[in-house]
Structures are given as structure tokens and as C-alpha cells.
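Report on the structure given below.
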2 protein chains.
Amino acid sequence: MTYEEFKEKVGSVILTGEGNCPVTPVVQMLQGKWKLQILYELCIKCPMRFGELKKVLKPITNTALTNALKELEADELVQRIQYNEMPLRVEYSLTEKGRDLLPVFYAISQWGMKYIP
Amino acid sequence: MTYEEFKEKVGSVILTGEGNCPVTPVVQMLQGKWKLQILYELCIKCPMRFGELKKVLKPITNTALTNALKELEADELVQRIQYNEMPLRVEYSLTEKGRDLLPVFYAISQWGMKYIP
DNA sequence: CCGTATCCCGCGAGATACTG
DNA sequence: CAGTATCTCGCGGGATACGG
């Protein structure tokens, strides 16, 4: 794809240049050491429990996982459901908004397969 | 796109789960406050001079711009060419590897248009 | 089991001044 | 013009211990 094709497809409205990169806010939302890996694991298996995520993202700490999940929830990419059983059970799943990131992941993966050895 | 379609298209090799998210290393490469905006500006106009980039990314400092450009160059997303004139002229341009990120930007923009008000 | 509450530390980024 | 050289500061994330 050339930039001209890109511009034509996306529309010029959000392509004003001068620092108004339309991509930046989205990537900001995905920034942080763990967010992408969490979303990725939730793509593979959904829903997942807190402890399950913690196990799969092995060196992650409680604090980091909690914070990342909270931010993802605030951005409506992930949904938290708490079941008041004993012992407590909490499940995290992707929202539609979160699942719609799959084409983005796909594009990135394609690029990675071409350029990452 | 469902995850099953995703898996089929990308191939299961890199989809091992257990923390091996294929997307993460790519986004790591794009991380930093300014890298994406630099790439984006270079999509719009290429090549650009140091001072030109600095003007367009207004509140950026010399240090930040220099560091970001160095890292982008190390990752072979951007090429630096120096002309030993007086006064000095340096031009930055996207490499093919960098230009090939456009489909990624496109996917992200599509998502953004759907979900960012 | 699923977190919160602290404390701590390093690193990315800002500010400012200076150079080939 | 296109950077480099320092210094500083804030905050994201790690470690550990405790609470509902």
C-alpha cells in the first residue's frame, strides 16, 4: 500500500499531519509492558481467571497485572465479571471492541513474519 | 475476523501462547513517546530534515528527537543521510521496512474510526 | 483466590547550555 | 543546522507483605 492509497481509503479528515497522527492514541492505549500480552492471551482463551492470566504471563506481579487489567477495563477492551462464590472467582474476557483489534494484530503479525527473523 | 481465522491465516507456528505474543516485539519497537508520530510524519512527507521534524512535532526536545531517530535507524525503519554542505543538511526517510508498516497503520486507523469519537 | 497497600528503583523524557 | 552533554524529575513497574 502506498500512502496515497492509505489516504484515499482512510479519508483525509484524520490525516491532517502536524502531529495529529491518528495511530498514536490507539497505540497509547496499548502501551505498557503487559497490555498486549494480556489481550493476546485473551484472544487465545476467553474468558480467563486472574490466576490463570498470572500463571501464563509468568514473571508478572500482582500489582502490574491488576493495573493493566484496570486500564484495559477502563478503555473497554476487557470486561471483568466477579462471581461471589467461595473461593472468589473473577473472569476477564474481551469485549467486542477488544476483539476488533484482531485485524490490527493480524497486520502486525504479517509485518513481523516478513521482517523478524 | 475470528481468532480461528486469524490463526489459520498467520499460521500456528508463532501462536504458541504462553507469553509468546507475536505482536509484542513489534509494538516494543514502536514504543516511546515520539516514534510513531515520526514515522507518521515521514509517511506524509519523505524525506524530512531534522529541523523540519522538530517543527512539526512541536514540543519535542532535541534530545528526544535525536534518541528516537537513532533507535528507529537501529531498527532499520528510518534511514539517515548526511550532506556535508554548509550549513549542514541531514535528511531522514523511511526504509522499505518502515513503509511496510502502512498496512498496520491502516488497520489501526480503521479501528480508531470505529471506536474513537 | 483475588486482589490492595507500601516502598523502592531505574529509565525515559524534559530543560538548558554548549559545539562541529 | 544538527545535533551533544548534563542534570533533573516523575512515573511505570518490581518486591513484599497484608486484607476481604
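As a basis for the values below, the full set of heavy atoms in this structure was taken, side chains included, without hydrogen atoms, waters or symmetry mates. Note on naming: letters A, B, ... go to the chains in the order of the sequence lines (proteins, then strands), and numbering restarts at 1 for each one. Quick caveat, the model's predicted, so the values are computed rather than measured.
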Nucleic acid footprint by protein, nucleotides 2-8 of chain D - heavy-atom cut-off 4.0 Å, B for base, S for sugar-phosphate alone | SBBB---
Carboxylate-amine/guanidinium contact B:Glu76 B:Lys97, below 4.0 Å = yes
B:Ile60 CD1 - C:dA13 P separation (whole Å) | 10 Å
Distance-only, no hydrogens or angles: does the A:Ser93 side chain make a donor-acceptor pair with backbone N or O of A:Cys46 under 3.5 Å?
-> no
To the nearest Å, how far apart are B:Leu72 CG and C:dG12 P?
-> 14 Å
Heavy-atom distance under 4.5 Å between the side chains of B:Glu71 and B:Lys35, does that happen here?
-> yes
Could you tell me the separation between the CG atom of A:Leu42 and the CG atom of A:Leu94, rounded to the nearest 0.5 Å?
-> 4.5 Å
Write down the distance between CG (A:Leu57) and P (D:dG13), rounded to a whole number of angstrom.
-> 13 Å
How many Å lie between CG on B:Asn67 and P on C:dC11, as a whole number?
-> 14 Å
Identify which nucleotide among D:dG14, C:dG14, C:dC1 has an atom closest to any side-chain atom of B:Ala64, counting heavy atoms from C-beta outward.
-> C:dG14
Between P of D:dG10 and NZ of B:Lys33, the distance in whole Å | 14 Å
Just how far, in rounded Å, is P of D:dG13 from CG of A:Leu36?
-> 12 Å
Rounded to the nearest Å, what distance is computed from the CH2 atom of residue B:Trp34 to the C1' atom of nucleotide C:dG12?
-> 13 Å
Side-chain touch B:Glu52/B:Lys54, heavy atoms, less than 4.5 angstrom = no
Rounding to a whole Å, what distance do you find between A:Glu85:CD and C:dG3:P?
-> 13 Å
Is there side-chain contact between B:Thr66 and B:Thr61, with at least one heavy-atom pair below 4.5 Å?
-> no
